[in-house]
A.B. asks: 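Pasting a structure here, questions to come.
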Amino acid sequence: MKYNLRRLLLKLVLGVGLAYLPSTGYAAGEVVLGFLDDMSGVAAESGNDALHAVQIAIDEVNQKGGIRGRKVRLVVYDGKQDPQLTATFATRFAEDDEGLILIGGNPAVPVAATIPVINELEVPYFTLSAATDSFTNPSTPFHFRFGPANSQDAAAVADFIAERGFKKAAVINNSLPYGIDGGSAVEKALKERGVEVVAHETYDTNATDLSPQVVKIRDAKPEIVVIWPYPADGGRVLRALHQLDVDAVRIVARIALYETLRKMAGETGDGALVTNTVDTERPEVQAFFKTFGERFGERPPTMYIAMAYDAAKVALQVAATDEVQAALEKGDLEGARDAVRVNMERIGRFEGLQGKPGTAYQFGPNQHQGPPNRDWFVWMEVRNMGLVKADTSKVGPKR
């Protein structure tokens with residue numbers, strides 16, 4: 001095979017045995033898609049929710065006979081938030097499974113390790129909420145993202161803060177790429193809107209005592225605190241803010257959509273505002289989450305579920321195009337993958353479950369970041385460790 005040497009090196013370096021599995025997918029008339037994400041580590045909540053959403057999209061098309069008579073088969077890998085394992089599974093999907101499109105990627109670290117691999121192997125990769133801006137700026141040929149980038153999230157947060165009259169903000173983030181990238185982005189966005197950042201603290205995700213950072217924030221007397229964490233450490237930040245009497249409005253980046261964070265925070269999380277991309281007043285959103293709940297159990301309407309369903313719907317739409325199907329008919333897998341890339345850049349607008357009514361993903365030759373910069377975010381509020389749509393009309397600095 002084309003990449004045998006590379007696979008051998010991966011085996012030697014990583015110690016991961018990849019038994020050769022002869023391809024049966026296209027000979028059997030199937031379209032092979034893949035799902036690769038953390039389904040048993042600290043980000044398992046978003047990984048499993050996303051997998052279930054992808055399964056719904058694939059079942060919908062298979063129940064109608066598949067794609068031009070070809071059934072869609074989903075190959076699933078658990079990357080366990082391990083960058084080496086995730087990159088190796090991406091290689092296995094490309095070579096052993098001979099898959100067409102790979103979907104998944106919520107944690108940033110394994111996605112960072114996988115993007116170079118899929119571009120070398122020339123396999124279309126549809127990532128989800130891994131938000132580091134550099135993943136799609138600049139664009140790389142075979143990578144497309146369906147979740148908002150940190151800079152987009154940060155702009156929505158900064159707009160909200162400035163529009164409601166806050167003048168002094170503090171930022172606290174963890175020391176992982178997601179936290180550092182997001183914290184820097186929101187500080188920049190706040191300053192551009194004339195909001196003073198009176199404190200900006202970074203902490204190690206494994207730290208059990210966050211009082212040094214939180215005391216500095218308290219002493220700076222912010223009107224609002226922006227938190228850019230991962231699930232477990234985000235809960236500790238909210239607890240520390242409460243215990244050290246930081247009297248400020250709290251905004252938590254999308255990670256508070258994780259049930260893990262809200263349970264860790266307990267009652268200290270109540271009232272925190274959270275960025276989300278799912279407008280629960282849209283009828284199509286309500287219908288989808290009703291279907292999701294009936295099949296997999298009731299889940300809060302989060303971006304992790306919505307973007308995965310949207311990514312799968314786009315993958316199925318592109319896989320059905322004439323160019324992709326013609327290549328598959330000839331047994332030309334490399335040609336089919338390249339046709340996916342070309343048709344993704346042609347697809348233009350695609351309306352999915354994310355965003356406010358009338359907004360849409362936008363892809364193009366130099367636009368592999370699907371979500372637009374405006375009208376994409378809605379606000380949730382943490383209440384009793386759950387999520388409700390926030391009433392932001394009365395949110396403002398305390399006088």
Side-chain angles (χ1 to χ4, degrees), residues 43 83 105-113 115 127-140 143 145 147-163 166-207 210 212-214 216-217 220 222-234 236-238 240-241 246 248-258 261 272-277 303 368-369 371-374 376-377:
N106 284 298
V109 173
V111 168
I115 290 173
T127 62
L128 304 177
S129 70
T132 304
D133 282 85
S134 61
F135 290 169
T136 51
N137 184 23
S139 298
T140 58
H143 173 229
R145 181 162 54 189
N150 270 328
S151 60
Q152 294 175 309
D153 216 334
V157 169
D159 284 342
F160 178 87
I161 290 172
E163 288 166 2
F166 292 96
K167 300 298 182 184
K168 294 183 178 182
V171 178
I172 181 168
N173 56 263
N174 68 29
S175 57
L176 293 176
Y178 171 73
I180 292 173
D181 193 59
S184 298
V186 78
E187 179 176 8
K188 180 175 181 289
L190 286 166
K191 289 179 176 178
E192 288 172 348
R193 289 155 180 80
V195 178
E196 181 184 2
V197 178
V198 296
H200 187 164
E201 295 295 319
T202 299
Y203 60 89
D204 187 278
T205 52
N206 296 318
L210 300 176
Q213 292 88 352
V214 173
K216 290 179 182 178
I217 288 175
E223 299 166 323
I224 191 164
V225 178
V226 181
I227 307 163
W228 225 275
Y230 264 2
D233 56 278
R236 293 197 297 274
V237 171
L238 287 168
L241 290 170
V246 178
V249 177
R250 296 150 301 152
I251 287 179
V252 187
R254 66 184 74 173
I255 299 299
L257 300 175
Y258 276 80
L261 184 150
L273 299 172
V274 189
T275 49
N276 195 13
T277 61
M303 64 169 68
H368 288 196
Q369 174 64 27
N373 290 331
R374 298 194 63 82
W376 202 247
F377 290 91

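Positions are given from 1 along the sequence.
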A.B. asks: Where do P107 and A130 come nearest, in terms of heavy atoms and distance?
C.D. replies: O-CB, 3.8 Å
A.B. asks: Using modelled atom types and a 3.5 Å cut-off, is there a donor and acceptor pairing between side-chain atoms of H368 and backbone atoms of T140?
C.D. replies: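 The answer is yes, because a donor-acceptor pair under 3.5 Å joins these two groups.
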A.B. asks: Looking at D181 and D133, would you say the former's side chain and the latter's main chain have a donor-acceptor pair under 3.5 Å?
C.D. replies: yes
A.B. asks: Are the side chain of Q152 and the backbone N or O of P372 linked by a donor-acceptor pair below 3.5 Å?
C.D. replies: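 Present.
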A.B. asks: Can you measure from CG (N150) to OG (S184) and round to the nearest 0.5 angstrom?
C.D. replies: 9.5 Å
A.B. asks: Side chains of F135 and T127: closer than 4.5 Å at any heavy-atom pair?
C.D. replies: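 When only atoms from C-beta onward are counted, T127 and F135 do not touch, as no gap falls below 4.5 Å.
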A.B. asks: Counting C-beta onward and ignoring hydrogens, is there a side-chain heavy-atom pair between Y203 and N174 closer than 4.5 Å?
C.D. replies: yes
A.B. asks: What's the spacing between I255 CD1 and W228 CH2 if we round to 0.5 Å?
C.D. replies: 9.5 Å
A.B. asks: Looking only at heavy atoms, which two atoms of A43 and Y258 are closest? And how far apart?
C.D. replies: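 Looking at all heavy atoms of both residues, the closest pair is CB-OH, 3.8 Å.
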A.B. asks: Is there a donor-acceptor pair under 3.5 Å between the side chain of R236 and the backbone N or O of T205?
C.D. replies: yes
A.B. asks: Distance from D159 atom CG to N373 atom CG, nearest 0.5 Å?
C.D. replies: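 These two atoms lie 10.5 Å from each other.
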A.B. asks: Please name the pair of heavy atoms, one in A272 and one in V252, separated by the smallest distance, quoted to 0.1 Å.
C.D. replies: CB-CG2, 4.2 Å
A.B. asks: Write down the atom of A253, the atom of V274, and the distance for their closest heavy-atom approach.
C.D. replies: O-CG1, 4.0 Å
A.B. asks: Is there a side-chain contact (heavy atoms from CB on, under 4.5 Å) between V237 and V225? Walk through the geometry before answering.
C.D. replies: CA-CA 11 Å; V237 171; V225 178; over 6 Å; no
A.B. asks: In the structure I gave you, are the side-chain heavy atoms of V195 and I224 within less than 4.5 Å of one another anywhere?
C.D. replies: no
A.B. asks: Taking salt bridge (charged side-chain N to carboxylate O under 4.0 Å, His left out) as the definition, give me every residue that meets it alongside E201, ordered by chain and number, with sequence neighbours left out.
C.D. replies: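 With sequence neighbours excluded, E201 shows a salt bridge (charged side-chain N to carboxylate O under 4.0 Å, His left out) to no residue whatsoever.
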A.B. asks: Mind checking what makes side chain to side chain contact (heavy atoms under 4.5 Å, CB included) contact with A185, not counting sequence neighbours?
C.D. replies: A154
A.B. asks: Could you tell me the separation between the CD atom of E192 and the CD atom of E187, rounded to the nearest 0.5 Å?
C.D. replies: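 Those atoms lie 11.0 Å apart.
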A.B. asks: Between A158 and A189, which heavy-atom pair has the shortest distance, and what is it?
C.D. replies: CB-CB, 3.6 Å
A.B. asks: Distance check, rounded to the nearest 0.5 Å: T275 atom OG1 versus F160 atom CZ?
C.D. replies: 11.0 Å
A.B. asks: Distance from T132 atom OG1 to I115 atom CD1, nearest 0.5 Å?
C.D. replies: 8.5 Å
A.B. asks: Keeping D233 on the side-chain end and N206 on the backbone end, is there a donor-acceptor pair under 3.5 Å?
C.D. replies: no
A.B. asks: Could you check if a side-chain atom of P371 sits within less than 4.5 angstrom of a side-chain atom of T277, using non-hydrogen atoms only?
C.D. replies: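 No, every pair of side-chain atoms sits at 4.5 Å or beyond.
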A.B. asks: Kindly give the heavy-atom pair with the smallest separation between L261 and P229, and that separation in Å.
C.D. replies: CD1-CG, 4.0 Å
A.B. asks: In the structure I gave you, are the side-chain heavy atoms of I172 and R250 within less than 4.5 Å of one another anywhere?
C.D. replies: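 Of all side-chain heavy-atom pairs linking R250 with I172, none is under 4.5 Å.
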A.B. asks: Report yes if some heavy atom in the side chain of I161 is under 4.5 Å from a heavy atom in the side chain of V249; otherwise report no.
C.D. replies: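 Answer no - side chains too far apart.
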A.B. asks: What residues, two or more places apart in sequence or in another chain, satisfy salt bridge (charged side-chain N to carboxylate O under 4.0 Å, His left out) together with R254?
C.D. replies: D153
